[in-house]
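Notes for the one structure printed next.
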Amino acid sequence: MKAVDREILRLAVPAFLALVAEPLFLLSDAAVVGHLGTPELAGLGVAAVILQTVVGLCVFLAYGTTASVARHLGAGDLRAALAQGVDGIWLAVLIGTVATVGGVLLTPALVGAFGTGAEVAGHAETYLAIAFLGTTPLLVMLATTGVLRGLQDTRTPLKVAVAGNALNIVLNVFLVYGLDLGIAGSAIGSVVAQVLSAAWLVAVVVRAAREHDAPLSPDRAGILASAHAAIALVVRTLALRACLLVGTYAVTRVGTQGTDVSVATHQIAITLWTFLAFALDAIAIAAQALTGRALGSGDVDGTRRLTRRMIRWGWGSGIVAGLALAAVSPFIGALFTSDPEVRSALVPVLLVAALGQPLAGVVFVLDGVLIGAGDGTFLAWAGLVVLAAYAPAALWAATLPHGLVAVWVAMTVVFMGARGVLLSWRARGDHWLVTGTPVPR
């Protein structure tokens, strides 16, 4: 097991640091914008959920690419692995272009769907219209990161994430307060940092492709194949993102007074939850890469051993994350807002979230294992089942006393609980243990 642990840690530690750095794009925005005022923070909350949904729907650019590249690597065909990755990058450019144009045009309608007050909506529209300009760089970052993870390289994405987020923080403070651009300055700073980060990652992949004589020009057949293979992961991601959207919508319906406080509190909580989710996802990233490589080489028994070991790592990491979140819950609100109502409402929400972290650690690992195995169809159906269970639970929870806390209880018990049951059941079977590579290029 020591060799297995070393292999997991070799990939998971840099992935952990990079994944922790990634949500700092929004975490630093929340910290800077939160001190402008509660309406601004609530506006950022709405905009962030929309933007995360659009980008999150395209997470297959990282996940699917990681799995397919790792399978080719396990089979000993590095040129095909890089060619597969280049197809994913071109697909990211195409999708990003469409998402940018559509997002900018639909910004008022998307924000209006949340039914917030005029002031909060105004701030959300300002941020979102600018932030959508960074969609293509964000998607290219997903695709290139997937290529490197599939090649068992999690160090390069770490370097880019750290540098990009450091630049983002500096630009946010300078533009928001130095140039007095308000919430618009925060969005501009993030877009600039995203563009430069994407350029760095593309340069690394292009250099590797040239070294191994892999094609760099768009391959229509390869791009279409990547898009077709991603459909199941899109459905899976859409269902899970819909759950988070339903949760945010439910929070906007909590009570008749203090809606801005509820939305602002939820924004801080969901940002911290996402931060921890990215951190816990480090083992899942290792699971994707190692599972894909093992199945590509035909090693079923090794895949089973890796899965069992990574589940233990996920459980232990979740316990540590939960204890840490519970310990800081009375104090961390001060980093994001000076509003005493928001800071007071945040504590019980974070305690509920802390209790769910061990389960989350296991869920994310199993998700990574099945993604690495290419078991997208099952994951799509599982996501739809979870949505069908969680949506009514969240909307009902919002009508209860202490509705904000009740929504978070539903998120922990129903959303994460249902995922845990379904993924555990699947992992015990054999249908996902398919060996070999995708259709040869």
Side-chain angles (χ1 to χ4, degrees), residues 21-52 54-55 100 103-112 114 116-138 161-199 248 258-272 274-275 331-343 346:
E22 285 180 22
L24 287 177
F25 272 111
L26 286 174
L27 201 61
S28 59
D29 287 0
V32 173
V33 171
H35 290 284
L36 291 174
T38 298
E40 286 86 350
L41 182 59
L44 174 63
V46 173
V49 168
I50 295 170
L51 187 63
Q52 286 175 321
V54 173
V55 176
T100 298
V104 171
L105 293 176
L106 294 174
T107 288
L110 292 171
V111 172
F114 285 84
T116 61
E119 186 177 7
V120 171
H123 292 306
E125 289 182 22
T126 297
Y127 185 93
L128 191 59
I130 298 170
F132 263 125
L133 300 178
T135 303
T136 300
L138 278 171
V162 170
N165 280 288
L167 177 61
N168 181 52
I169 293 170
V170 171
L171 289 174
N172 263 257
V173 174
F174 174 69
L175 294 173
V176 172
Y177 296 110
L179 296 185
D180 198 26
L181 295 180
I183 195 171
S186 178
I188 293 169
S190 293
V191 170
V192 171
Q194 289 155 7
V195 169
L196 295 177
S197 297
T248 299
T259 300
D260 287 359
V261 170
S262 295
V263 174
T265 302
H266 182 72
Q267 161 58 15
I268 296 173
I270 202 68
T271 300
L272 291 169
T274 302
F275 180 86
F331 318 107
I332 199 166
L335 293 177
F336 300 96
T337 180
S338 56
D339 188 325
E341 290 186 74
V342 174
R343 288 159 65 173
L346 183 63

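Residues: numbered from 1 along the sequence shown.
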Show the nearest heavy-atom pair for residues A198 and P137, with the distance to one decimal. CB-O, 3.5 Å

Partners passing side chain to side chain contact (heavy atoms under 4.5 Å, CB included) against A129 (at least two apart in sequence or in another chain): T107

Contacts of type side chain to side chain contact (heavy atoms under 4.5 Å, CB included), residue I332, not counting sequence neighbours: L272, V328, L335, F336, L346, L350

Answer yes or no: is there a side-chain heavy-atom contact under 4.5 Å between Y177 and V32? yes

I need the minimum non-hydrogen distance between T126 and A184, along with the two atoms involved. CG2-CB, 3.8 Å

Where do I50 and F132 land on the side chain to side chain contact (heavy atoms under 4.5 Å, CB included) test, with the steps shown first? CA-CA 10 Å; I50 295 170; F132 263 125; 4.3 Å; yes

What residues form a side chain to side chain donor-acceptor pair (under 3.5 Å) with H123, not counting sequence neighbours? none

Partners meeting side chain to side chain contact (heavy atoms under 4.5 Å, CB included) with L196 (sequence neighbours left out): L167, V192

Could you pull out the closest heavy-atom pair between V191 and G134, with the gap in Å? CG2-N, 3.9 Å

When rounded to the nearest 0.5 Å, the distance separating OG of S190 from CG of N165 is 9.0 Å

Taking only residues two or more places apart in sequence or in another chain, which ones pass side chain to side chain donor-acceptor pair (under 3.5 Å) with T248? H266

dist L181:CG -> N172:CG (nearest 0.5 Å) comes out at 11.0 Å

L106 meets the side chain to side chain contact (heavy atoms under 4.5 Å, CB included) criterion, sequence neighbours left out, with L110

Whether the side chain of N168 engages the backbone of G164 through a donor-acceptor N/O pair (distance < 3.5 Å, no angle test) should be reported. no

Take L128 and L51 through the test side chain to side chain contact (heavy atoms under 4.5 Å, CB included) and record every step on the way to the result. CA-CA 7 Å; L128 191 59; L51 187 63; 4.2 Å; yes

On a heavy-atom basis, the closest approach of I270 and T274 is O-OG1, 2.7 Å

Under the side chain to side chain donor-acceptor pair (under 3.5 Å) test, residues paired with T265 that sit two or more places apart: none

Of all heavy-atom pairs between I183 and E40, which one has the smallest distance, and what is that distance? CD1-O, 3.8 Å

Heavy-atom pair with the smallest gap, counting every atom of A124 and G43: CB-O, 3.3 Å

